[in-house]
Amino acid sequence: MASSLFVGLHDPHSYAKPEEARVTHLDLNLRLDFEKKVIQGRATLLFETSSRADYLTLDTRQLFIHSVRSGDDALPLPFSLSSPDDVLGQALQIRLRPGIQKVVIEYETAPDAPALQWLSAEQTAGGREPFLYTQSQAILCRSWIPLQDSPGIRFTYTARVATKPGHLALMSAQNPQKLKSDGVYEFRMDHPVPAYLMALASGRLDFGVLDHNVGVYAEPEILPRALKDFEDTPRMLRAAEKLYGPYPWGRYDILVMPPSFPFGGMENPCLTFATPTILTGDKSLTSLVAHELAHSWSGNLATNATWNDFWLNEGFTVYLERRIMEELYGSSYRDMLEVLGYEDLIQTIEALKEEGREEDTRLRLHLDNRDPDEGMNDIAYEKGYLFLRSVERLIGTQAMDKMLQEWFRRHAFKSVTTASWMEFLKEQLSLEQWVAVQPDKWILEPFLPLHAAPQSRAFQEVEEAVFQCLNDIDKFRPVWEKWNSHQRQHFLRKLSEQKPTPKDLAALDASLELNESTNSEELFIWFMMALKAGYMDILPRLDAFLSSVGRRKFVLPLVRQLACMPALRDWARKRFLERWKLRYHYVTASSCESAFSKD
Ligand code: BES
Ligand code: ZN
C-alpha cells in the first residue's frame with residue numbers, strides 16, 4: 001500500500017519538466033488594461049538546466065504568446081503550444097540553445113482568464129473605480145503568468161505593475177502603502193515561492209496600521225470596520241511565532257476583498273486575501289485570519305509537493321489555526337471550532353460515500369487526470385486536523401507544538417510529501433505511540449479510524465435549548481442574545497436536524513430577526529434550513545445575498561439546494577444566469593453551472 005507514496009515527485013497537474021529545466025527567478029512587467037480586461041505582460045524567467053536540456057517547458061492557459069526571446073542576446077527562440085486541455089491548459093515548450101539561462105516572454109491574458117476577476121466600479125463598495133484581483137491556487141496561475149505552475153517548484157520574483165492612476169496595486173510580496181500618482185508600482189519577493197502563491201490586486205484601496213509589521217488594506221468605505229474586526233491579528237502573529245518559530249515573511253497584511261471573492265481567505269505571502277463576509281463587528285469569524293496566518297508556516301514555508309498532498313497544507317493549517325485561537329481565547333473557544341469542524345467532516349464523509357467517492361476520504365489523494373479542485377473538501381481540512389489532534393492527545397500539547405516547530409524548521413522553503421511526513425513522525429514517536437496512533441490508517445485508508453469525538457461544554461446548553469426554544473419563544477430570545485456566534489451556529493444546525501416547519505421558522509424569525517443577521521455564517525445556516533423547510537419568506541433576502549456574495553462555501557450549497565427544489569429551480573436558474581453569476585469569480589460560477597446542468 002505504502003509503495004504508491006514513493007513514486008517520486010512527478011506533479012500530475014503541471015506540464016513542467018523540472019528535471020530538465022527548472023525556473024528559479026521570475027521578473028514580471030505587467031500593464032493592467034481595465035478597458036479590455038486583459039493584462040499585457042512580459043515575463044523574464046531565469047532557470048537552471050540539467051546538462052542535456054533541449055527545452056524549457058512551462059504551463060499556460062488561454063495565454064496569447066506574442067514572442068519568446070533569449071534573455072541573453074534577445075534573439076527569438078522557437079516555441080510551441082500543445083493542444084488545450086480543459087483543466088491543465090497548454091504546455092509552452094521553448095527550444096533552448098546551449099548556454100541559455102534566461103528567456104523573455106511577451107504575452108497577453110484572455111479577457112476570461114480563470115485566475116482573474118475584473119470588477120466594474122459598481123461591483124465595489126465605493127462604486128467609483130474598477131477592481132482587479134487574481135486567484136492562483138490551485139492551478140490557475142498559468143492563466144495570468146507563463147511559468148512552471150507546480151507547488152513543488154519555487155522561485156523568487158520581482159515585478160513592475162502599471163495600473164490605473166488612483167489605484168493601489170498589491171502583490172504577494174513587499175508592498176507599497178501609499179498611492180503613486182503614475183500608477184506604477186514595484187514589488188519584490190526574496191524568498192522562493194511556488195506559483196500558486198503569486199497574487200495581484202488593484203483598486204481604490206487605503207492602508208491602515210495594526211502594529212509595526214501588521215496592517216490592513218481595504219476600500220476606504222470598509223477600512224475602519226476591518227481594522228476593528230482584525231485588531232487581534234498582531235496577537236495572533238505573536239502566538240504563532242511562539243508556537244512555531246519566527247515569522248519569516250517580514251510584514252503580515254490583510255487585503256479585504258470585494259464580496260465576490262470565491263474563498264474565505266487565501267494565504268498569499270505577506271498579504272492574505274480575505275472575504276468581507278467575516279466582518280461582523282464582533283470579531284467572531286476571525287479564526288479565518290488565524291488560518292491564513294498559519295499558512296505562513298504550513299503551506300508557504302513547508303509546501304505540499306503536489307495537490308495529492310493537499311492535506312499537508314490544509315489539515316496542518318486548521319490545526320495551527322485552532323492552537324492559535326486557543327492561545328488567544330482559551331480552550332473552550334478551540335473546542336467550539338473543533339465540534340463545528342467535526343460536524344462538517346461527518347457530513348462530508350456521508351456525502352462522498354453517497355457519491356461513491358470513498359477513495360476520496362483518504363488523506364493522501366489520487367487526483368491524477370482530475371481537477372485538483374476535487375480534493376478541496378473537509379477531508380483535507382478536518383480529517384487532517386482530527387489526525388493531528390489524535391497525535392496531540394497522545395503526546396501532549398506542548399510536545400506537539402515542539403514537534404511541529406521542528407517540522408517547519410527542517411522543511412522551510414521546501415516541498416513536503418505525505419511520505420516525508422510519515423518518516424518524520426516515525427522518527428519523533430516511540431514505537432508504542434506510532435502503533436497507538438495508526439498513522440497508516442489515517443493517511444492511506446478511507447473513512448475515519450477509531451478516534452475521540454470532539455466535545456464542547458459551551459454547546460451543551462445550546463443542545464438543550466433546541467428542544468425548548470419553540471415552546472416559549474419570548475423566553476428564548478434573551479438566551480440567544482447572550483450566546484456567541486459559534487453557539488448560535490451550533491444551535492441553528494441542531495435545530496435544522498429537528499426538521500422545523502415553516503410556521504416554526506416564521507416564529508423564530510419574528511423573534512430573532514435571523515433574516516436580518518449580519519453574520520454570514522449564521523445567515524447561511526438559516527438560509528439552508530429555511531429552504532429545506534420550505535419557509536419562503538427568506539427569498540428576497542437570499543436573492544440579495546446571492547447577488548453580492550460570491551464565496552463558494554456559501555453560494556454553492558445554496559444554489560445546489562435551490563436546483564433540487566422543483567418549485568424554485570427555474571426561478572433560481574434564471575436569477576443565476578441573469579444576475580447572480582455576473583458577480584461571481586470563475587471558480588464559483590463554474591461550480592454552480594454544474595449544479596444546474598445535473599438533473
Ligand atoms: N488555501 C485555501 C484556499 C484554497 C484552497 C483556494 C484550494 C484554492 C484551492 C485557504 O487557506 C482556505 O483554506 N480558505 C478557507 C478558509 C478556512 C478558514 C478554512 C475558505 O476559503 O473557506
Ligand atoms: Zn487554508
Side-chain angles (χ1 to χ4, degrees), residues 13 87 114-115 117 133-143 149 151 172 193-199 236 240 254-257 259-269 271-278 284-304 306-325 334 337-338 340-342 344-345 348 365 367 370-385 388 486 489 520-521 524 549-557 585-588 590-591:
H13 300 111
V87 175
Q117 190 170 20
Y133 70 86
T134 64
Q135 169 57 44
S136 296
Q137 197 182 7
I139 54 168
L140 302 180
C141 186
R142 60 192 70 177
S143 74
D149 193 0
S172 48
V193 293
Y196 80 92
L197 296 176
M198 292 299 303
M236 291 181 182
I254 303 170
L255 168 61
V256 183
M257 303 299 283
S260 67
F261 187 57
F263 296 109
M266 179 62 214
E267 66 272 26
N268 299 313
L271 184 70
T272 283
F273 284 13
T275 170
T277 62
I278 55 168
S284 59
L285 302 181
T286 55
S287 60
L288 185 135
V289 173
H291 179 98
E292 305 312 334
L293 170 68
H295 272 304
S296 307
W297 288 263
S298 45
N300 300 4
L301 264 194
T303 309
N304 53 205
T306 71
W307 299 115
N308 286 329
D309 300 304
F310 184 53
W311 79 278
L312 293 175
N313 273 19
E314 296 301 342
F316 278 57
T317 298
V318 173
Y319 182 84
L320 268 54
E321 163 208 323
R322 294 193 180 143
R323 279 291 293 125
I324 295 169
M325 295 310 268
R334 178 183 180 184
L337 295 175
E338 203 173 88
L340 291 170
Y342 185 69
D344 289 335
L345 175 62
T348 298
L365 294 168
L367 295 169
R370 295 164 69 190
D371 190 328
D373 215 38
E374 291 185 40
M376 200 205 160
N377 58 45
D378 283 315
I379 299 300
Y381 288 80
E382 297 293 345
K383 183 178 175 184
Y385 171 80
L388 296 178
H486 300 112
Q489 290 170 43
S520 60
E521 295 281 350
F524 166 71
V549 173
R551 187 174 172 188
R552 184 168 67 175
K553 171 183 152 182
F554 297 145
V555 171
L556 185 59
H585 182 272
Y586 162 85
V587 161
T588 300
S590 59
S591 302

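Since the structure is predicted, the reported quantities are computational estimates derived from the model, not experimental observations. In listed order, ligands and their atoms are each counted from 1.
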Asker: Contact between W311 and N304 at the side-chain level, heavy atoms closer than 4.5 Å - yes or no?
Answerer: no
Asker: Under the rule for ring-ring contact (aromatic ring centres under 6.0 Å, His included), what residues qualify as partners of F273, not counting sequence neighbours?
Answerer: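 If we apply the ring-ring contact (aromatic ring centres under 6.0 Å, His included) test to F273, skipping adjacent residues, there are no hits.
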Asker: Is it true that R552 and D373 have a side-chain N and a carboxylate O under 4.0 angstrom from each other?
Answerer: yes
Asker: So, of the N/O/S atoms that H295 has, which is the nearest one to the Zn ion (ligand 2)?
Answerer: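 Of the nitrogen, oxygen and sulfur atoms in H295, the Zn ion (ligand 2) lies nearest to NE2.
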Asker: Just do the ring-ring contact (aromatic ring centres under 6.0 Å, His included) check on Y133 and H585 with the steps written out, would you?
Answerer: CA-CA 10 Å; Y133 70 86; H585 182 272; 5.7 Å; yes
Asker: Quick one about T277 and R551 (side-chain donor to acceptor, distance below 3.5 Å, no hydrogens or angles considered), yes or no?
Answerer: yes
Asker: Dump all N/O pairs between ligand 1 and the protein below 3.5 Å as a table: atom names plus distance, one pair per row.
Answerer:
| unit_1 | atom_1 | unit_2 | atom_2 | d |
| --- | --- | --- | --- | --- |
| ligand 1 | 1 (N) | Q137 | OE1 | 2.7 |
| ligand 1 | 1 (N) | E267 | OE1 | 2.6 |
| ligand 1 | 1 (N) | E267 | OE2 | 3.2 |
| ligand 1 | 1 (N) | E314 | OE2 | 3.1 |
| ligand 1 | 11 (O) | E267 | OE1 | 3.0 |
| ligand 1 | 11 (O) | H291 | NE2 | 3.3 |
| ligand 1 | 11 (O) | E292 | OE1 | 2.7 |
| ligand 1 | 11 (O) | E292 | OE2 | 3.2 |
| ligand 1 | 11 (O) | H295 | NE2 | 2.9 |
| ligand 1 | 13 (O) | H291 | NE2 | 3.1 |
| ligand 1 | 13 (O) | E314 | OE1 | 3.2 |
| ligand 1 | 13 (O) | Y381 | OH | 2.6 |
| ligand 1 | 14 (N) | G265 | O | 3.3 |
| ligand 1 | 14 (N) | E292 | OE2 | 3.3 |
| ligand 1 | 21 (O) | G264 | N | 2.5 |
| ligand 1 | 21 (O) | G265 | N | 3.4 |

Asker: With no hydrogens and no angle check, do the side chains of N313 and Y196 hold a donor and an acceptor under 3.5 Å apart?
Answerer: yes
Asker: What does the angle at the Zn ion (ligand 2) come to, between atom NE2 of H291 and atom OE1 of E314, rounded to 10°?
Answerer: 100°
Asker: For residues F316 and W297, establish whether the separation of their ring centroids is below 6.0 Å.
Answerer: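 No: the rings miss the under 6.0 Å criterion.
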